[in-house]
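Structure record follows, encoded as structure tokens.
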Amino acid sequence: MPAREAGNSERIWQVVAAIPPGHVATYGAIARGAGLPGAARRVGAALRGLPAATRIPWHRVINARGRLSLPEGSDAWRLQRTRLQAEGVEFRANGSIDLGRFHWDPGQA
DNA sequence: GTTATGACGCCGT
DNA sequence: AACGGCGCCATAA
């Protein structure tokens, strides 16, 4: 029997859903929180497959550099940025987020 | 079975 | 700081 099912997306979504409003989490942190260390790329794939009307707060997931990984200028990029700002997350002039202030680690949950 | 593909991450230059 | 290269893991071709 397969030690780990391929349907890890479920677990990933669960961790993402736990990110408190006004905070963000990196892809790597989500992967670790889901028990999938090193599978940061899987997190992006899982979010990529979410329906547009999902209630999962996918916009709270950013990369380790404190930047949005979506193509800058795209609709999704703007939506993510808008939602985060609406929650109180501040963007620096260069477009990055201060992880020291806004990053949330699944481990504390 | 092999190779290509990504909403990633880390390290060296 | 900017860039490039390599590692990572699961899917798809």
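Note that the structure is a prediction, hence the values are computed from the model and not measured. Letters go in sequence order (proteins before strands), and every chain restarts at 1.
Looking only at distances, no side-chain donor or acceptor of A:S96 sits under 3.5 Å from a matching main-chain atom of A:R92.
Rounded to whole Å, the distance from CZ on A:R11 to P on C:dA10 is 12 Å. In this structure, A:R67 atom CZ and C:dA1 atom P are separated by 11 Å, rounded to whole Å. Rounded to an integer number of Å, the gap from A:I12 CD1 to C:dT11 P is 10 Å. A:R78 places its CZ atom 18 Å from the C1' atom of B:dA7, with the value rounded to the nearest Å. Whole-Å rounding puts the A:W58 CH2 to B:dA7 C1' distance at 9 Å.
Seen from the ring of A:F91, A:R81 counts as a face-on cation partner, given the 6.0 Å and 45° thresholds.
When side chains are defined from C-beta on, A:Y27 does not count as touching A:R42, because their heavy atoms never get closer than 4.5 Å. Residues A:L84 and A:I97 form a side-chain contact, since some pair of their non-hydrogen atoms from C-beta on lies under 4.5 Å apart.
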Using residues 43-66 of chain A as the side-chain source, report each donor-acceptor pair under 3.5 Å to any protein atom, sequence neighbours left out, with the distance given to one decimal.
residue: A:T54; atom: OG1; partner: A:I56; partner atom: N; Å: 3.1
residue: A:H59; atom: NE2; partner: A:E87; partner atom: OE2; Å: 3.0
residue: A:R60; atom: NE; partner: A:E87; partner atom: OE1; Å: 3.1
residue: A:R60; atom: NE; partner: A:E87; partner atom: OE2; Å: 3.1
residue: A:R60; atom: NH1; partner: A:I19; partner atom: O; Å: 2.8
residue: A:R60; atom: NH2; partner: A:E87; partner atom: OE2; Å: 2.7
residue: A:N63; atom: OD1; partner: A:R65; partner atom: N; Å: 3.0
residue: A:N63; atom: OD1; partner: A:G66; partner atom: N; Å: 3.3
residue: A:N63; atom: OD1; partner: A:R67; partner atom: N; Å: 2.9
residue: A:N63; atom: ND2; partner: A:R67; partner atom: O; Å: 3.0
residue: A:N63; atom: ND2; partner: A:S69; partner atom: OG; Å: 3.0

Seminar exercise, completed: Given protein heavy atoms under 4.0 Å, the one-letter contact record of nucleotides 8-13 of chain B, with B base, S sugar-phosphate only and - none, is simply BSS---
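Every residue was checked against the side chain to side chain contact (heavy atoms under 4.5 Å, CB included) condition with A:A86, not counting sequence neighbours, and none meets it.
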